[in-house]
Amino acid sequence: MLLSRLARVSQEVAATSARSRKIALLAELFREAEPADVPVVIPYLAGRLPQGRIGVGWKVLSRPVAPAAEPSLTVREVDARLTELGGVSGPGSQAERARLVGELLGASTEDEQRFLFGLLTGEVRQGALEAVAVEGLAQATGAPPDAVRRAVMLAGSLQSVAEALLADGPGALERFRLTVGRPVLPMLAHSASSVAEAVGKLGACAVEEKLDGIRVQVHRDGGTVRVHTRTLDDITDRLPEVTAAALDLRGERFILDGEVISFDGEGRPRSFQETAGRVGSRTDVVTAAREVPVSPVFFDALSVDGRDLLDLPFAERHAELARLVPEPMRVRRTVVSGPREEDAAEEFLARTLERGHEGVVVKGLDAPYSAGRRGASWLKVKPVHTLDLVVLAAEWGHGRRTGKLSNLHLGARTADGGFAMLGKTFKGMTDAMLAWQTKRLRELAVDESGYVVTVRPELVVEIAYDGLQRSTRYPAGVTLRFARVLRYREDKRPEEADTVETLLAAHPEVRP
DNA sequence: TTCCGACAGTGGGGTCGCAAT
DNA sequence: ATTGCGACCCCACTATCGGAA
């Protein structure tokens, strides 16, 4: 199959708004693909590169290369070239990769170049990624969509399910069962604005502390332990403490879901930055583990002694967890019967925050483990802080925000009467707000020449954020975590905006 | 030789609009 | 009305390469 066919279909998919039509277009393409093309065509149309990281990003790709007049590249040839590219390393590798990218782009037509750019930067922007591709695959093979989706969650990969389905038909789906040693896409949580809301929605539920660390899925099969991240990366070698802890447990075969986090000498959680830095360290794990030791803390059991627990109610899965894992290695929790016991849930949240944690996750006791989904039965509740900040500049948006000023630069007042930038945000804006702020900010613009439009610091905006973290990038030495716009405060003058001083005072645990 | 900037890739994430149910 | 998905981009951090000191 030619790459140009994929590029054309991708454009068509991007141009239609109906999901059903997107699915039909993908299904048609998948049916056409030869068996050997399948492992490439499917991930490409799901906007993913089968090779994962290959060391090519925006910078290398934005060097212009004259396109070919006629399409000639096959998807298999492109895949082979990218595999080669990803294998290049050592001195001179950057130049070599750039040369190979140049060659590939030179052999591509303009449409193909556009498609490759999207694929390699991870921004295909066709309104269809994995989930829509799964539907397309189901339609192409006549398999039930739910069964295909489940197989993908259990396999942790669309590609392997696609290959099996297109080779052997719907019967192949039965081969995909929960298997110790093969990671499953983890269940994710929705947000709720309060404990009351969460408990009201879920009724009988467990309220568990939410640790600000790195999600892990731990598989043990006898003497073998594997540790995977949320995206199923294997990080076993970086976390010897987790392997040791898993081998210490009495069970021989299990899959557990939890979080790794680092605690200080007093048993208080270290900052997310410290834990994440530790987990990211690969070159000298021994030193990293000595300086920032991490602990696994579990909250769910997916498989124990060869029994698949995914479809059991959470209450039963947790009972299995409690049998296997001693209390200190489990997330703290309390169980409430429903809104009648809301006070107990509130009290638990307050205590959790006192212990230095992020918030709580409220989980319905009856719900199964919805692998790979943002299940409605897990609701996280975190305290929200707000600030009145001043817009210092804004950046032009992309995609559906093209032509709108989107990403705001946010500043707090400083003691000398100026403003210190604390970070940026593009979140929380409705289309109406985008239109309004574009007009308003252009009125305040002092420099519109670049992609950053600087403005007179006069517009006050109310910002919600999750907390403060240290920063080397911003002048106050701190930045906001997960900042989003709540509303504009045209009733406030910039002199009434919050100051850096009050911000720092509100977060004494963070020292710039 | 050592240092440092630029780039890529990873982890954490909230809210909106739209299609489908 | 609710749910699921994709789009919109942020932050810090580590690893790596390649050129400057």
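Bear in mind the structure is a predicted one, so any value in this text is a computation, not a measurement. Every chain is numbered from 1, with letters handed out A, B, ... down the list of sequences.
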Between [X] ([atom1]) and [N] ([atom2]), how many Å, whole number?
| X | N | atom1 | atom2 | result |
| --- | --- | --- | --- | --- |
| His190(A) | dG14(B) | NE2 | P | 11 Å |
| Leu211(A) | dG11(B) | CG | P | 18 Å |
| Leu408(A) | dT15(B) | CG | P | 15 Å |
| Arg487(A) | dC16(B) | CZ | C1' | 19 Å |
| Leu85(A) | dA8(B) | CG | P | 12 Å |
| Leu486(A) | dT15(B) | CG | P | 8 Å |
| Arg484(A) | dG13(B) | CZ | P | 12 Å |
| Gln51(A) | dT10(B) | CD | P | 13 Å |

- Message: Both Leu120(A) and Gly213(A) contact DNA chain B. Which one's nearest nucleotide lies toward the 5' end?
- Response: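 This one resolves to Leu120(A).
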
- Query: With nearest nucleotides of DNA chain B determined for Ala18(A) and Met429(A) from heavy-atom distances, which residue corresponds to the more 5′ nucleotide?
  - Reply: Met429(A)

Assign [X] to base, sugar-phosphate, or nothing according to its heavy-atom contacts below 4.0 angstrom with the strands shown.
| X | result |
| --- | --- |
| Ile54(A) | sugar-phosphate |
| Tyr474(A) | sugar-phosphate |
| Ala276(A) | nothing |
| Ala464(A) | nothing |
| Lys427(A) | base |
| Gln126(A) | sugar-phosphate |
| Val279(A) | nothing |
| Gly52(A) | nothing |
| Ala128(A) | sugar-phosphate |
| Lys22(A) | nothing |
| Thr430(A) | sugar-phosphate |
| Thr231(A) | sugar-phosphate |
| Gly47(A) | nothing |
| Val60(A) | sugar-phosphate |

Please tabulate, for the side chains in residues 503-512 of chain A, all donor-acceptor contacts under 3.5 angstrom to protein atoms that are two or more places apart in sequence or on a different chain.
from      : atom 1 : to        : atom 2 : distance (Å)
His507(A) : NE2    : Tyr465(A) : OH     : 2.8
Arg511(A) : NH1    : Pro508(A) : O      : 3.4

- Return no unless some side-chain N or O of Arg230(A) is found under 4.0 Å from OP1 or OP2 of dG12(B). yes

- Message: Less than 4.0 angstrom between a side-chain N/O of Ser17(A) and OP1 or OP2 of dA19(B), yes or no?
- Response: yes

- Task: Determine, for Tyr474(A) and Lys424(A), whether the Lys NZ or Arg CZ falls below 6.0 Å from the six-membered ring centre while staying within 45 degrees of the axis.
- Result: no

- Could Arg484(A) and Phe426(A) be counted as a cation-pi pair, given that NZ or CZ must be under 6.0 Å from the ring centre and within 45° of the axis? no

- Item | Derivation and outcome, side chain to side chain donor-acceptor pair (under 3.5 Å), residues Arg270(A) and Ser262(A) | CA-CA 6 Å; Arg270(A) 285 197 170 93; Ser262(A) 182; 2.8 Å; yes

- Item | Identified pairing partner of dC7(B), criterion: Watson-Crick or G-U wobble below 3.5 Å | none

- Trp436(A) atom CH2: more than 12 heavy-atom contacts under 6.0 Å: yes

- CD/Glu197(A): more than 12 non-hydrogen atoms of other groups inside 6.0 Å: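 Count over threshold, so yes.
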
Between [options], spot the one nearest the side chain of [X], thanks.
| X | options | result |
| --- | --- | --- |
| Phe482(A) | dT15(B), dG13(B), dC7(B) | dG13(B) |
| Asp233(A) | dT10(B), dG13(B), dG17(B) | dT10(B) |
| Ser20(A) | dG12(B), dA20(B), dT15(B) | dA20(B) |
| Lys382(A) | dG11(B), dA8(B), dG14(B) | dG14(B) |

- For DNA chain C, which nucleotides open and close the run of contacts to chain A, 5' to 3', at under 4.0 angstrom from a non-hydrogen atom? dG4(C) to dG18(C)

- Item | First of Thr283(A) and Ser93(A) reached from the 5' end of DNA chain C, by closest nucleotide |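 The answer here is Thr283(A).
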
- Please tell me which of Lys201(A) and Gln273(A) maps to the more 5' nucleotide of DNA chain C, matching each residue to the nucleotide holding its nearest heavy atom.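 Its nucleotide being nearer the 5' end, the pick is Lys201(A).
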
- Item | Any donor-acceptor N/O pair, Glu274(A) side chain to Ser271(A) backbone, under 3.5 Å |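 Yes.
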
- Between Arg150(A) and Ala371(A), is there a donor-acceptor pair closer than 3.5 Å when you use the side chain of the first and the backbone of the second?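 Not confirmed, Arg150(A) side chain does not pair with Ala371(A) backbone.
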
- Tell me, do Arg230(A) and Leu188(A) make a side-chain contact under 4.5 Å, heavy atoms counted? yes

- Message: If we check salt bridge (Lys or Arg N to Asp or Glu O under 4.0 Å) with Glu135(A), which of these qualifies: Arg21(A), Lys22(A), Arg19(A), Arg149(A)?
- Response: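 With Glu135(A) as partner, salt bridge (Lys or Arg N to Asp or Glu O under 4.0 Å) holds for just one option, Arg149(A).
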
